[in-house]
Colleague: 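One structure is given below, represented as structure tokens, and several questions about it will come after.
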Amino acid sequence: MHPLSLANRIPQIFPAFRKPWGLPLLIFWAIAVVIDRLWLAIDRGVPDWDTADYLTGSLNYWWALQTPDWFSGEWWTNLWLLSSKIPPFIYLITVPFHNLFGLSSQVAFLPYIAWTGLLLFTVFDLGQHLSSPRVGLWAAALCTLFPGLVTFRFHYVLDYPLVAATSTILWSLTRWRNSQHHRGWWAILFWLSLGLGVFLKQSIALFLVVPILWTLGALLLSRQWGRFLQLGAAVVGSALIWGWWYRTNWLLVLTGSKRATITAAAEQGDPSLQTLEAWTYYFFHLPEPISWVLLLGSLGGLLLLGARRMMEPIFKVPKAPPLRPGTVRWLAIILLGSYFFSSLNPNKNPRYILPMLPILSLILAYGLMAWGWRIRWGVVTLTALVLAFQLRPISVFMPTVSRVYVGEPFPHQEVIASLIEEQPYLRTTLGVLPSTPSLNQHNLNYYGARANFQVYGRQVGIREQDVAADVRSLSWFVTQTGDPGSVPSAYEETVRRVEEGGDFELWRQWPLPQGETLNLYRRQVPPIRVTAQETGQSPQSLQLLEVTVPEQVAPGTAVPVTYEWEGAAETIRDGVLLVTWQGTDGEDFWIHDHAISQREWMNQPAPGESLCQNQPQRCRFRVSETLGMFPPATLTPGTYGLSVQLLHPKTGTIEAIESPPVQVTVDPNAAVVEAPELDLVTQLRQFAQVLPQGIDGFDEMFGEIARINQYDPVQDYLDVAIESLEARLQQQPQRADWAYTVALAWILNKRADRAIEAFERVVAVDSQNPYAYAYLAVVNLLDLHPWAAQAAIAQGQALPQDIPEWQFLDGVASLMGGNLWRAVRELPSGLEVMSAS
């Protein structure tokens, strides 16, 4: 379309958006933007749990998009997996702003300028379309004053963008259903807004399902086939925008939604759906996001308009603004449908009904029209004054109240800088024990992400049985004096071991604005130590200088071992070690494969004063790593020697590394020696031993995996396990234990497609185990291949050994494959058998 032709059509599509109405709307938008930016400029607070978590998500996508590979399916899959529970649209639109203006939280809020503009425009145009420009303008003004919306304009979470997206979708749907001209244009706009809205957050469906289905049903009943197909195509076609991410993460979306609704409701004590309280909750909490002043003023106006004829003899009531035919019914459909599905959600919070506010603003604005200008402006002014009082600056950090904090700054960035200064070449996992709004694992993790992702904050000390392992596995901890916040039951024991156990020293302290003190503890003897030597030239190949290990070890127990390596930064960063302790008989052996420095080496060290930090390619590095290894209990007693190979994962090449002469004697009667925690790759191999035995040990296994995942925040140990064992399986392809470990690692990497290949190999090497076929069926179902799953189930059922999971798997595969009759027959029995077992 020619630009001039488009310019001529815009006034036809938006007849009310002209100077008399457009200028005030732009002023509302500008005032809201100025207030927001001023707030962010003077606020010295730190983000709380949710805000920090979402801000970190934006940085994750910014990092991934620095080196895009647009034509690689592998790259796209990994991109979608960066946010496996929340659609990443909010992160993706923040990335360009980070590229242009930096990584601060103020920059992350720049897209909110557009969200506010979109919300105000769609509400205004919807109001003028259904009633009059005056109603639309007042409705837009109310959207800048609702406390519920103002609050979330200062929180980088999904609530405010979700309101704007819902408003846009309902606006385009309403304009499409009422349009006589430009229908195709409105259909395209609805398709685009719906696709992006679902790509923003899945819960947007709660506010859209009823109006969309109602419209489709009305078109179907009136036999308007052309319009029915047009709207249906827009709904189905929206999957082209959001489908790729949901296709990758559908199972985690379902499980995450269960935790966010049913589990969260139970933990918070929300009313049961079988009670009246659950269905009236939002009715009684509606004043919170709207304000009593606006609600009472508008409802009074609506009552006045409804009783206009009765009141005329007493005083003159302004004439009600015009309404497009069917408007009341249409708005009622939207609101009642939204209220029903929001109430059906077991997890209750007033913030969850914020997407209803744009439609409510039209009704409230319509009610204000019943009053004269003095009362109307009085209601709005009083609302603004109350809001300003609530938002006044404070010197005490209170994140539950949306107030700008102007007190003393928090030391989070100083903590991160201190850690990086101490360990410039390594990534650090910081154990964060307190969990307050101002000091928690999420906001320390966020500031660590802003520092080149060199520090990760993680909460440990959650389960009583994990305290000892947590304290042994991390080298840095944060504690604080005073109230530690919402901490688990194991908190006190974890703090005691860190502060009084003798393995840690108090490294630094910072005062907190509330009067407490932040304490940073460091392990006195860190497991990984790095020293650098300037060479001025490209270093030689990797060398193993020394290995320290007890002379005698007992099989089936953890054993301490220290390796001293020297080499180039690139080799230390990327190389994988194939470490074999081989018996003199040539038969028995155990492996201790791992990455040098446990993959904690930074791709680019933090800049500093030394040449090696700024130009690591001109330096040679010595890395000492003290680890725990595990000689299996089945080893034959005797003498075992060391052999080492270096695997280059990028090329797949393997080179031998000369080892110093070191031997160890395996003796069942040897004294047990105190050892560090086993490295994560070794622990993963041990966890994988549960798989051939069935699902009975799954709860314990996944609980342990969740624990060690806290120690390696990016889960690099999974890649190391895959790379090392794939190399070994080429030499010994019949090792079922290694094959199971690779398959488990791909599942934990959330790569069902690669897990299918891994379990096909498991089936080949463990062909008489029915669980091997069951796992193959499961990963095929996860990757949406029900017929391949059905084939694996049939093969497994043909084995003599029966397992109770077959009926359930058969029912799920039948359901996903469209065989509803078989699904109805198998699923109930399968669920009953699974429950009984």
Side-chain angles (χ1 to χ4, degrees), residues 528 540-549 553 558-568 570-601 623-632 635 640-664 666 678-689 712 715-746 758 761 765:
I528 300 174
Q540 298 176 358
S541 60
L542 181 72
Q543 291 182 296
L544 177 56
L545 303 178
E546 186 179 354
V547 178
T548 304
V549 67
V553 299
V559 175
V561 58
T562 299
Y563 303 99
E564 299 276 352
W565 308 94
E566 191 172 87
E570 182 179 1
T571 302
I572 295 174
R573 180 188 69 213
D574 299 330
V576 173
L577 300 166
L578 305 181
V579 180
T580 306
W581 292 85
Q582 184 81 47
T584 54
D585 60 0
E587 296 292 332
D588 279 4
F589 67 94
W590 78 87
I591 64 175
H592 193 208
D593 299 349
H594 63 278
I596 308 174
S597 79
Q598 304 299 292
R599 279 272 170 95
E600 292 180 3
W601 194 267
V623 178
S624 172
E625 49 180 13
T626 300
L627 310 173
M629 64 178 176
F630 190 80
L635 286 175
Y640 290 76
L642 175 66
S643 67
V644 181
Q645 296 174 301
L646 177 64
L647 168 66
H648 298 274
K650 291 182 179 179
T651 62
T653 58
I654 299 176
E655 63 174 295
I657 302 296
E658 185 177 352
S659 305
V662 57
Q663 290 184 328
V664 60
V666 173
L678 299 176
D679 65 279
L680 302 188
V681 176
T682 299
Q683 292 191 55
L684 182 69
R685 291 201 307 270
Q686 291 184 329
F687 300 152
Q689 296 175 13
D712 181 359
Q715 274 85 70
D716 269 337
Y717 77 95
L718 297 174
D719 297 331
V720 174
I722 292 170
E723 292 159 357
S724 63
L725 293 178
E726 285 287 0
R728 289 192 178 273
L729 281 166
Q730 291 181 9
Q731 303 169 1
Q732 294 180 273
Q734 298 305 312
R735 285 294 299 258
D737 54 340
W738 295 347
Y740 274 107
T741 303
V742 172
L744 176 61
W746 280 122
R761 176 169 55 197
V765 300

Colleague: Checking V579 against M629 for the side-chain contact (heavy atoms from CB on, under 4.5 Å) test, could you report, in this order, the C-alpha distance in whole Å, the side-chain angles of both residues, the deciding distance, and whether it holds?
Modeller: CA-CA 11 Å; V579 180; M629 64 178 176; over 6 Å; no
Colleague: For S724 and L578, which heavy atoms make the closest approach, and how far apart are they?
Modeller: CB-CD2, 3.7 Å
Colleague: Looking only at heavy atoms, which two atoms of H594 and Q598 are closest? And how far apart?
Modeller: CD2-NE2, 3.4 Å
Colleague: Testing T571, L544, I654 one by one against L646 for a side chain to side chain contact (heavy atoms under 4.5 Å, CB included), which residue passes?
Modeller: T571
Colleague: About how many Å separate OH of Y717 and CG of D712, when rounded to the nearest 0.5 Å?
Modeller: 7.0 Å
Colleague: Under the salt bridge (Lys or Arg N to Asp or Glu O under 4.0 Å) test, which residues partner R599, sequence neighbours left out?
Modeller: E723
Colleague: Minimum heavy-atom separation for E546 and P660, please, with both atom names.
Modeller: CA-CG, 4.2 Å
Colleague: Working to the nearest 0.5 angstrom, can you tell me the gap between L627 CG and D679 CG?
Modeller: 6.0 Å
Colleague: What are the two closest non-hydrogen atoms of E564 and S624, and how far apart are they?
Modeller: OE2-OG, 3.0 Å
Colleague: Considering only residues two or more places apart or on different chains, which pairs with a residue in residues 642-660 satisfy salt bridge (Lys or Arg N to Asp or Glu O under 4.0 Å)?
Modeller: D574-K650
Colleague: Just wondering, do Y640 and D588 contact through their side chains at under 4.5 Å, heavy atoms?
Modeller: yes
Colleague: By the definition side chain to side chain contact (heavy atoms under 4.5 Å, CB included), identify the one residue from V576, L725, V720 that meets it with V681.
Modeller: V720
Colleague: Atom CG in L577, atom CH2 in W565: separation rounded to 0.5 Å?
Modeller: 4.0 Å
Colleague: Quick one: do W738 and V742 satisfy side-chain contact (heavy atoms from CB on, under 4.5 Å)? Show the steps, please.
Modeller: CA-CA 6 Å; W738 295 347; V742 172; 5.6 Å; no
Colleague: Going by heavy atoms in the side chains, are V553 and V666 under 4.5 Å from each other?
Modeller: yes
Colleague: What are the two closest heavy atoms between P649 and G575, and how far apart are they?
Modeller: CD-CA, 4.5 Å
Colleague: Could you report the tightest heavy-atom contact between S597 and V623, atom names first, then the distance?
Modeller: CB-CG1, 4.3 Å
Colleague: T682 vs H592, test: side-chain contact (heavy atoms from CB on, under 4.5 Å). Steps then yes/no.
Modeller: CA-CA 7 Å; T682 299; H592 193 208; 3.8 Å; yes
Colleague: Can you measure from OG1 (T741) to CZ (R685) and round to the nearest 0.5 angstrom?
Modeller: 7.0 Å
Colleague: Mind checking whether W590 and W581 have parallel, tilted or perpendicular rings, split at 30° and 60°?
Modeller: parallel
Colleague: Residues in salt bridge (Lys or Arg N to Asp or Glu O under 4.0 Å) with R728, at least two apart?
Modeller: D593
Colleague: Can you tell me how far apart CD1 (I572) and CD (E566) are? Round to the nearest 0.5 Å.
Modeller: 8.5 Å
Colleague: Got a sec: does the CD of E570 have more than 12 other heavy atoms crowding it under 6.0 Å?
Modeller: no
Colleague: Using 0.5 Å steps for rounding, measure from the CD atom of Q663 to the CG atom of L642.
Modeller: 10.5 Å
Colleague: What verdict does the side-chain contact (heavy atoms from CB on, under 4.5 Å) test give for W746 and I722, after you've listed the backbone C-alpha separation in whole Å, the side-chain angles of each residue and the deciding distance to 0.1 Å?
Modeller: CA-CA 8 Å; W746 280 122; I722 292 170; 3.6 Å; yes
